[in-house]
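We number each residue from 1, following the sequence as shown.
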Amino acid sequence: MMRTRPLKVALLGCGVVGSEVARIMTTHADDLAARIGAPVELAGVAVRRPDKVREGVPAELVTTDATALVKRGDLDIVVEVIGGIEPARTLITTAFEHGASVVSANKALLAQDGAALHAAAEAHGKDLYYEAAVAGAIPLIRPLRESLAGDKVNRVLGIVNGTTNFILDKMDTTGAGYQEALDEATALGYAEADPTADVEGFDAAAKAAILAGIAFHTRVRLDDVHREGMTEVTAADFASAKEMGCTIKLLAICERAEDGASVTARVHPAMIPLSHPLASVRGAYNAVFVESDAAGQLMFYGPGAGGAPTASAVLGDLVAVGRNRIGGTTGPGESAYAALPVSPMGEVVTRYHISLDVADKPGVLAQVATVFAEHGVSIDTVRQQGKDGEASLVVVTHRASDAALGGTVEALRKLDTVRGVASIMRVEGE
């Protein structure tokens, strides 16, 4: 039986995502009501520019006073899509205090203060859902914290930023340089005027923190995530990757240690074999590869950003939270019982591709190999090309720790025969 009293929903932010949420709430009102078990009423929309025309949003619902809106006391759900740390953090906690559950798409805030927000939700008996904070429309958070709740997740490996994947894909398929590919991404609207958050890995790092926390039942903050951007990736790196049967992706990698005693979370460019499912993810799409004990290998793929895709994830949470409100219950909150330590990047073990500029003369390879051996880094393959007294030496290692590789590179730079380290890139997905 459907409840006649509507669920009152307030919307904080009415930009690209917020306007799509409002539109879908209006155009799909009957379907949403049937799925939730009660009508859904848009009770207010907080914005910064009230004079802007917002199709489908009645002018009388628009306000610039977000604080007053969340303090009304009659709201059932507050949808936060304004982003950033403040005022979003204060508005969310205020919403809990005044009786509303919250649906958010705020990856930066959740990565930084997720534990505190979960605690506030629990203290007031309310829901905090945030499927839209990671990978747009792709159902990922709910499968991790509900569908795989009885399993042991060991690794989450993913492309979680569409802008960087578009740029790297263009560099791979057309031979374009980084700046040329970035310019095209900007012209097509995939990259912001200031793309720093994307290309330097900040966006992906926030998502990695959220995914690692859910996957490993451990609090992982943004500061725990090792981050490297992709601005130094060159056409030469792609040429080297192709020679190895690989391509290059900016990956978010969350792993449980082999002994199960710790976890790591990191974001950086990496070579990945063309045979791996993530290698075929093109354009601005996202994909996340999950490895667990019982389920084995799972892959989630789809559009990772954009107004309508992200709104889809928001509305999915809205339906779930609405059902909980009607049933007088709440969904799963934070699960951090494992409390595993987050290991530093120096302890991460992986393979490496190192390109060196060296003198083209006898004995150079032996010197380089000796340095690797002295630092306990085993060499898998070596390729050397020389001309006119100069040479390029490409070394691919077996698995080694980041700290051991770092010491190796420092020692290599001190060799008279090594002119420079052209590039260092991790090799993942094997």
Side-chain angles (χ1 to χ4, degrees), residues 159-192 194-204 227-253 266-276 278-287 350-360 368 380-397 405 409 412-413 418-430:
I159 299 165
V160 295
N161 183 277
T163 300
T164 55
N165 199 58
F166 179 89
I167 293 170
L168 291 173
D169 185 38
K170 281 295 176 182
M171 293 177 69
D172 183 25
T173 57
T174 69
Y178 166 75
Q179 189 60 51
E180 183 183 352
L182 172 60
D183 290 344
E184 183 174 352
T186 304
L188 292 173
Y190 291 127
E192 302 285 348
D194 179 1
T196 302
D198 295 322
V199 300
E200 294 295 349
F202 290 101
D203 176 84
R227 176 195 55 79
E228 297 173 25
M230 49 155 282
T231 57
E232 301 301 318
V233 176
T234 66
D237 291 325
F238 274 101
S240 294
K242 287 181 179 179
E243 290 178 358
M244 289 180 59
C246 294
T247 188
I248 299 172
K249 300 292 186 181
L250 184 76
L251 298 177
I253 305 168
R266 51 198 165 100
V267 168
H268 53 70
M271 293 183 180
I272 190 167
L274 294 175
S275 58
H276 195 282
L278 290 178
S280 61
V281 178
R282 301 297 185 187
Y285 276 73
N286 284 192
T350 188
R351 296 180 67 206
Y352 289 87
H353 176 283
I354 304 102
S355 180
L356 304 171
D357 295 325
V358 300
D360 186 18
V368 170
D380 182 18
T381 62
V382 178
R383 185 175 71 255
Q384 184 173 2
Q385 294 177 323
K387 184 179 180 181
D388 299 329
E390 297 295 328
S392 172
L393 188 65
V394 175
V395 178
V396 180
T397 74
L405 196 283
V409 172
L412 288 171
R413 294 183 193 276
V418 174
R419 311 299 192 211
V421 180
S423 69
I424 303 171
M425 191 165 295
R426 298 172 183 87
V427 183
E428 301 286 348
E430 296 184 315

### Task
Identify the two heavy atoms, one from G162 and one from N286, that lie closest to each other, and give their separation to 0.1 Å.
N-ND2, 3.3 Å
### Query
Looking at D169 and G283, what are the two nearest heavy atoms and their distance?
OD2-N, 3.0 Å
### Message
My understanding is that only residues two or more places apart in sequence, or in another chain, count here; which of them pass side-chain hydrogen bond (donor to acceptor under 3.5 Å, both in side chains) with D380?
### Response
R351
From [X] atom [atom1] to [Y] atom [atom2], the distance as rounded to the nearest 0.5 Å:
X    : Y    : atom1 : atom2 : answer
R282 : L168 : CZ    : CG    : 11.0 Å
I272 : K249 : CD1   : NZ    : 8.5 Å
E243 : F238 : CD    : CZ    : 14.0 Å
L278 : L251 : CG    : CG    : 6.5 Å
T247 : M171 : OG1   : CE    : 10.0 Å
R419 : S392 : CZ    : OG    : 13.0 Å

### Task
May I have the step-by-step check of side-chain contact (heavy atoms from CB on, under 4.5 Å) for L405 and I354, ending in yes or no?
CA-CA 10 Å; L405 196 283; I354 304 102; 4.0 Å; yes
Compare all side-chain heavy atoms of [X] with those of [Y] and state whether any distance is below 4.5 angstrom.
X    : Y    : result
I248 : M425 : yes
L412 : V368 : yes
C246 : L274 : no
L393 : V382 : yes

### The single option from N161, T196, T163 passing side chain to side chain donor-acceptor pair (under 3.5 Å) against D203
N161
### Message
As a quick check of understanding, evaluate side-chain contact (heavy atoms from CB on, under 4.5 Å) for Y352 and V396, giving each step before the final call.
### Response
CA-CA 6 Å; Y352 289 87; V396 180; over 6 Å; no
#### Entry: Summary of ring pair (Phe, Tyr, Trp, His ring centres under 6.0 Å) pairs that have at least one residue in residues 159-188, sequence neighbours excluded
F166-Y190
### Query
So, does N165 use its side chain to make a donor-acceptor pair with the main chain of V281 at under 3.5 Å?
yes
### Message
As a quick check of understanding, evaluate side-chain contact (heavy atoms from CB on, under 4.5 Å) for V394 and M244, giving each step before the final call.
### Response
CA-CA 11 Å; V394 175; M244 289 180 59; 6.0 Å; no
Could I get the full list of salt bridge (Lys or Arg N to Asp or Glu O under 4.0 Å) partners for [X], not counting sequence neighbours?
X    : value
E428 : R155, R266
E184 : K170
R227 : none
D237 : none

### Task
Begin with the C-alpha distance, continue with both residues' side-chain angles, and end with the deciding distance and a verdict on side chain to side chain donor-acceptor pair (under 3.5 Å) for T164 and D198.
CA-CA 6 Å; T164 55; D198 295 322; over 6 Å; no
### Task
List the steps and the verdict of side-chain contact (heavy atoms from CB on, under 4.5 Å) for M271 and S240.
CA-CA 9 Å; M271 293 183 180; S240 294; 4.2 Å; yes
